[in-house]
Structure formats: C-alpha cells, structure tokens
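The structure appears right after this line, and notes come after that.
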There are 2 protein chains.
Amino acid sequence: MPKVEFRANPSPEEIKLLVDSAISSEALLTIFAHCRVYYDGRAKSELGSGDRVIIVKPDGSFLIHQSKKREPVNWQPPGSVVHVELREKPVLVSVRRKPPETLEVELEEVYLITVFHAEDYEELALTGSEAEMAELIFEQPEVIEPGFKPLYREKPVKHGIVDVLGVDSQGNIVVLELKRRRADLHAVSQLKRYVETLKEEHGNVRGILVAPSLTSGARKLLEKEGLEFRKLQPPKGGKKSRGKQLRLF
Amino acid sequence: MPKVEFRANPSPEEIKLLVDSAISSEALLTIFAHCRVYYDGRAKSELGSGDRVIIVKPDGSFLIHQSKKREPVNWQPPGSVVHVELREKPVLVSVRRKPPETLEVELEEVYLITVFHAEDYEELALTGSEAEMAELIFEQPEVIEPGFKPLYREKPVKHGIVDVLGVDSQGNIVVLELKRRRADLHAVSQLKRYVETLKEEHGNVRGILVAPSLTSGARKLLEKEGLEFRKLQPPKGGKKSRGKQLRLF
DNA sequence: TCATGCATCTCGGGA
DNA sequence: TCCCGAGGTGCATGA
C-alpha cells in the first residue's frame with residue numbers, strides 16, 4: 001500500500017468510502033474542498049462558502065485552514081469523533097463530548113482527497129524554554145545575584161505556584177518569576193500575587209522578575225510595587241550544546 | 001487551470017518547480033513527505049525523521065503537522081518568506097525577519113505535492129465572545145445589578161485597560177472584568193490590579209468579576225481581596241438570533 | 001476530572 | 001512599531 005492514496009473530484013459515495021477508510025486505518029485525511037462550516041460549542045460560528053484545506057488526524061484533531069494565517073479558522077481538538085453524512089451534499093461531522101462541541105463541514109465541491117498512512121516516531125526536541133532558565137538558575141545561582149540560594153522549583157503557595165523560591169545572602173525569602181520572553185504587566189501582577197501571599201506568613205519577601213526584557217508598563221508597575229528585575233536570556237542549547245560550548249574553552 | 005494540481009513522488013527538480021510555481025501564483029502548497037526539521041529563532045528545536053504534512057500559505061504562514069494534536073509541531077507565522085534549496089536533499093527554507101527566525105525542512109522523501117489555487121472571500125462570524133458580554137451589559141446594565149451604570153468600555157488606566165468602568169446606585173466607581181469562560185487566578189489578579197490603580201485616585205472602588213463560573217482558587221482570592229463575582233454567560237447568537245428568540249415569546 | 005501557568009503562543013486594536 | 005489583553009486559546013503537569 002502506498003504512503004499516500006488520493007482521488008481527484010470524488011463522488012459523494014467515494015468521499016464517504018475514502019473518509020471511512022482513513023478513519024478505520026488511522027490514516028491522516030486531507031481534503032481540498034469548497035465548503036461551508038458550522039460550529040457550536042463553547043462559542044458558535046458560521047463560515048460561508050470558500051476553498052479550504054481540511055485535515056482530520058487519527059487522534060480526532062480536525063483542522064480547517066483558509067489561505068491565510070497560522071491558525072485554523074475552525075477546528076476540533078484531539079479526542080473528537082468524526083463521520084460523514086450524505087445529505088443533499090456530503091457533510092463531515094465532528095463531535096466532542098466534554099465540553100459538548102460540534103463541527104459540521106458541508107462539502108459543496110471536493111477537488112482532492114488524500115489518505116496519508118503517516119509513520120512518525122520522533123518527538124520535538126526544543127531548547128530555550130522557561131524550564132531551562134530555571135535549570136540554569138539552580139546550576140548557577142549567581143546569575144541572579146551573589147549569595148542567592150534557590151530552594152524550590154514550581155512551589156505551590158496559597159494563591160498560585162511560584163516559579164523559583166529561594167533566599168538571598170541576608171536570609172530574606174526571594175520569589176523569582178521567570179519569563180522566557182519580554183515580561184509584561186501580567187507577569188508583574190503574577191509576581192506581586194506570590195510576594196503578597198508569602199508576606200502574609202513571613203516577614204520581608206523580595207520579588208524578582210527574571211526575563212530578557214520588560215515592557216514599559218511592566219517596568220513602571222514593577223518599580224511602584226518595589227519589585228526587582230534581573231535580566232536573563234533563556235539559554236538556547238540544552239545539555240548537549242552546553243557540553244559542547246564548555247569544550248570550546 | 002484546475003483548482004488543485006498535484007504530483008506524486010516528484011524528483012528534486014520537480015519539487016523546486018512546483019514549490020516555486022505555488023509561491024509565484026500565490027497558491028496554497030501542501031507537501032506530504034518524510035522529513036527532518038530544524039528551527040532557530042525565539043527558541044530552537046530539532047525534529048528527527050518522520051512522515052508529516054507541510055502547508056505553505058500564500059501569506060507566508062508555514063505549518064508542519066504530525067499525525068497527532070491540534071498544534072503544528074513546527075511553524076512559521078504569516079509574513080515569512082520561503083524558498084527551496086537543492087542540497088544533497090531538497091530543503092524548504094522559511095525565513096522571518098523580525099524577530100529573526102529560520103525554519104528548515106529537509107525533504108528526505110516526498111510522497112505527494114499539491115498546489116491549491118484557493119479562492120475564499122468569506123470571514124468567520126463568531127458569537128459568544130467577551131465583546132458580546134460587554135454589549136449585553138451596556139444594553140441591559142441590570143444583569144450586573146439594579147442601578148448599575150456602565151460608562152466606559154476598554155478604558156485605559158495607569159496600569160492596564162479596564163474592560164468596563166461604571167458607577168453603582170450609590171455613586172461608587174465599579175470596575176468589571178469580563179471572562180467568557182470560567183475565571184481563574186489570573187483574572188482575579190487582573191481585576192485587583194485595576195481596582196488598586198483606581199483606588200489611588202478615587203475613594204472607594206468596587207471590583208466585580210463577571211464570568212460564567214470561577215475556579216476554586218479564584219473564589220478564595222476574590223473573597224480575600226474583597227472583590228465580587230457576578231455570574232453571566234456570554235450570549236450565543238448575536239443580534240439576529242436575539243431577534244429570533246424575542247419573537248418566540 | 002479540575003486547577004494552574006507556559007507558549008517559538010497567535011491575533012487584533014490602539015497609540 | 002510596541003503594548004496590552006482575548007482566545008472555542010492548546011497543552012503539560014500535578015493534585
């Protein structure tokens with residue numbers, strides 16, 4: 001069996017056959033079609049006639065892409081269940097149970113259907129995340145300041161979860177809020193919430209926002225609230241790369 | 001010219017020809033291939049060999065989908081520029097200028113290429129948004145409480161933008177923070193930030209979180225901070241549907 | 001399941 | 001352009 005089967009301008013019956021076969025063989029189904037779309041669930045939407053690419057994945061994920069933007073115009077998340085109904089026109093129906101959501105695609109004209117028996121055992125290896133900023137801080141606490149001692153990672157407190165909890169050289173409790181990208185007002189509010197929570201039970205608590213940069217508004221609020229900022233880039237290049245880099249010196 | 005052109009098992013030269021023709025004709029390009037992926041930009045990633053669906057849109061959007069999940073495993077946003085390089089293997093290269101980001105897809109084997117001359121003039125019509133909650137509140141302020149008078153929508157204050165600013169029957173300033181779905185800790189922090197900002201300049205300020213429900217933690221923090229909650233569902237069915245519904249009674 | 005917070009978030013609106 | 005906040009956010013993680 002070839003990796004990709006395809007059929008141009010299929011009849012309604014062929015559409016049903018191909019879709020059903022894709023579903024039962026857990027293949028990745030792609031349909032190039034002129035269609036209308038109806039969604040009802042957490043919200044509700046309608047999309048008039050137009051040419052779109054429709055993808056149905058074996059895990060139930062359902063994507064409808066227009067010819068612009070990164071985001072699908074309509075979709076259904078993994079776990080949804082799809083089937084075809086032959087009404088006046090063939091209709092793709094995808095149903096999600098919790099929360100209840102329904103997506104219907106009226107196929108006015110199907111230009112091409114493909115059934116892709118995709119094999120993929122690889123997972124993405126990504127570096128430059130907030131998690132790696134935390135690892136860096138635990139390995140080299142001096143990137144925050146001399147004498148800083150990180151104690152907890154992802155520490156639950158009364159109203160939220162603190163990124164890094166530690167003490168400074170004076171013994172003060174220090175809360176770190178890490179952001180892998182430019183920190184905004186939201187990040188400051190988050191840090192403030194943790195600091196206020198901890199201040200209730202302990203004496204002085206310092207709050208430090210750790211990020212590559214700050215928005216203007218974040219800087220203003222941070223200063224007003226007596227919180228601090230430490231500039232830090234998320235490290236790109238995980239353990240392997242760091243090992244390589246070390247060998248260069 | 002047909003809506004969809006396609007070529008199974010193309011040679012490297014044919015791949016380059018088809019990709020270039022899709023780009024120059026502003027068509028939607030889809031490639032079913034066994035490939036490796038390298039990304040470097042805001043973060044950095046690698047993805048080993050596997051079967052994926054690659055979509056390149058005429059606006060520069062670039063998507064790589066595995067056979068699971070709603071999200072692309074790698075991508076490039078609109079405005080990126082793509083081209084093909086014929087190295088040992090054909091490579092799709094997509095470059096974004098600001099911030100600088102590069103995505104490279106090494107095409108180890110191409111099963112099928114499609115070039116879709118998609119025409120689509122429709123836009124999604126969605127109902128059930130936060131914006132519609134605000135409209136409802138301005139049309140029927142009593143859904144908040146008797147005597148409430150909404151005055152401003154999306155009102156910029158010192159540290160952020162308030163959803164709805166109004167006054168109650170006693171003349172107190174009232175801040176509303178609207179959420180179309182269950183409100184969480186973040187929503188409470190946001191409301192608290194606005195209330196504190198306004199309290200600095202005015203006397204008493206009430207803060208009301210308006211949402212269909214609250215998380216457990218949000219309820220606790222809300223009560224501790226002396227903020228209020230008003231239950232409200234986002235209205236589904238815009239002006240038309242509301243008209244229909246009225247006619248039913 | 002729910003709660004919490006990250007994300008190469010994306011996207012739109014406003015200054 | 002930056003800033004700010006919504007989103008049918010999706011998604012992983014932990015309780």
Side-chain angles (χ1 to χ4, degrees), chain A residues 39-45 61 68-79 96 98-103 124 126-131 133-134 154 156-157 159-163 177-187 189-190 193-194 213-220 234 236, chain B residues 39-45 61-62 68-80 96 98-103 124 126-131 133-134 154 156-157 159-163 177-187 189-190 193-194 213-220 234 236:
Chain A
Y39 155 76
D40 196 358
R42 286 168 291 177
K44 189 176 181 188
S45 72
S61 307
K68 287 176 183 172
K69 302 291 174 195
R70 201 208 78 137
E71 290 301 300
V73 63
N74 281 111
W75 71 93
Q76 206 70 296
R96 183 190 194 187
K98 188 115 202 263
E101 297 194 288
T102 305
L103 183 65
L124 190 72
L126 185 137
T127 183
S129 63
E130 185 194 283
M133 290 178 74
E154 302 272 312
V157 295
H159 302 290
I161 303 163
V162 170
D163 275 344
E177 174 57 36
L178 313 184
K179 289 295 162 198
R180 67 166 308 286
R181 59 172 186 172
R182 177 175 274 248
D184 56 14
L185 280 175
H186 172 192
S189 286
Q190 214 180 326
R193 165 153 50 95
Y194 304 142
S213 63
L214 280 180
T215 66
S216 52
R219 166 157 278 119
K220 278 199 297 186
K236 268 204 282 192
Chain B
Y39 156 74
D40 196 358
R42 287 168 290 178
K44 190 176 180 186
S45 72
S61 306
F62 194 123
K68 288 178 181 170
K69 301 293 175 191
R70 201 208 78 138
E71 290 301 299
V73 63
N74 281 111
W75 72 91
Q76 204 69 295
S80 309
R96 184 191 194 187
K98 187 119 198 258
E101 296 194 289
T102 305
L103 183 65
L124 189 73
L126 185 137
T127 183
S129 63
E130 184 195 283
M133 290 178 74
E154 301 274 312
V157 295
H159 301 291
I161 302 163
V162 169
D163 275 344
E177 174 58 35
L178 314 183
K179 289 294 163 200
R180 69 166 306 288
R181 61 174 186 173
R182 177 175 272 247
D184 56 13
L185 281 174
H186 170 192
S189 286
Q190 215 180 325
R193 165 152 50 94
Y194 304 144
S213 63
L214 279 181
T215 65
S216 50
R219 165 158 279 118
K220 278 198 296 183
K236 265 204 285 190

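A note on names: the letters A, B, ... follow the listed sequences, proteins ahead of strands, and every chain is numbered from 1. Here the structure is a predicted model, which is why all the values come from computation and not from measurement.
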| task | Taking atom P in both C/dT4 and C/dT8, compute the distance separating them and give it to the nearest angstrom. | result | 23 Å
| query | Is the shortest side-chain N/O distance from B/W75 to OP1 or OP2 of C/dT10 below 4.0 Å? | reply | yes
| Atom of B/D184, atom of B/T215 and distance for their closest heavy-atom approach | CA-OG1, 3.6 Å
| message | Say we look at D/dC4 and D/dG8: how far apart would their P atoms be, to the nearest angstrom? | response | 23 Å
| field | Test item: A/K179 side-chain N/O and A/L214 main-chain N/O as donor-acceptor pair under 3.5 Å | value | no
| query | How would you list, by chain and number, every residue that makes a ring pair (Phe, Tyr, Trp, His ring centres under 6.0 Å) with B/H159, sequence neighbours excluded? | reply | none
| task | Would you give the length of the straight line joining atom NZ of B/K236 to atom CZ of B/R180, rounded to the nearest 0.5 angstrom? | result | 8.5 Å
| message | Would you compute the distance between atom CZ of B/R193 and atom CD of A/Q190 and round it to the nearest 0.5 angstrom? | response | 11.0 Å
| said: Measuring to OP1 and OP2 of D/dT9, would you say a side-chain N or O of A/R42 lies under 4.0 angstrom away? | reply: yes
For nucleotides 12-15 of chain D, give me every protein contact, N/O to N/O, under 3.5 Å, one pair per line with atom names.
from   : atom 1 : to    : atom 2 : distance (Å)
D/dA12 : OP2    : B/K69 : NZ     : 3.3

| Reckon A/N74 touches a base, only the sugar-phosphate, or nothing at all at heavy-atom distances under 4.0 Å? | base
| Any side-chain donor near an acceptor of the partner, B/S213 and B/R182, under 3.5 Å | yes
| said: Without decimals, in angstroms, what is the distance between B/L126 CG and C/dC11 C1'? | reply: 13 Å
| What is the distance, rounded to the nearest whole Å, between atom CG of B/L124 and atom P of C/dC11? | 14 Å
| message | Would you measure the distance from the C1' atom in C/dC9 across to the matching atom in C/dG5 and give it in whole Å? | response | 13 Å
| task | Using modelled atom types only, decide if a donor and an acceptor are shared between the side chain of B/R96 and the backbone of B/G79 within a distance under 3.5 Å. | result | no
Tabulate protein N/O versus nucleotide N/O from nucleotides 2-6 of chain C, keeping only pairs under 3.5 Å, one per line.
from  : atom 1 : to     : atom 2 : distance (Å)
C/dA3 : OP1    : B/R182 : NH1    : 2.9
C/dA3 : OP1    : B/S216 : N      : 3.2
C/dA3 : OP2    : B/R182 : NH1    : 2.8
C/dT4 : OP2    : B/T215 : OG1    : 2.9
C/dG5 : OP1    : A/I161 : N      : 2.9
C/dG5 : OP1    : A/Y194 : OH     : 2.6
C/dC6 : OP1    : A/E177 : OE2    : 2.9
C/dC6 : OP1    : A/K179 : NZ     : 3.0
C/dC6 : OP1    : A/Q190 : NE2    : 3.3
C/dC6 : OP2    : A/K179 : NZ     : 3.2

| said: Using whole Å, what does the distance between atom P of nucleotide C/dA7 and atom CD of B/E101 come to? | reply: 14 Å
| request: Calculate, to the nearest 0.5 Å, the distance between atoms CG and CE belonging to B/D163 and B/M133 respectively. | output: 9.0 Å
| task | Using atom types as modelled and distance alone, determine if a side-chain donor or acceptor of B/R42 lies under 3.5 Å from a backbone N or O of B/E101. | result | no
| task | Give a yes/no answer on whether the side chain of A/R181 brings an N or O atom under 4.0 Å of OP1 or OP2 in C/dC9. | result | yes
| said: Check this for me: does the side-chain of B/E71 come within 3.5 Å of the base of D/dG10 through a donor and an acceptor? | reply: no
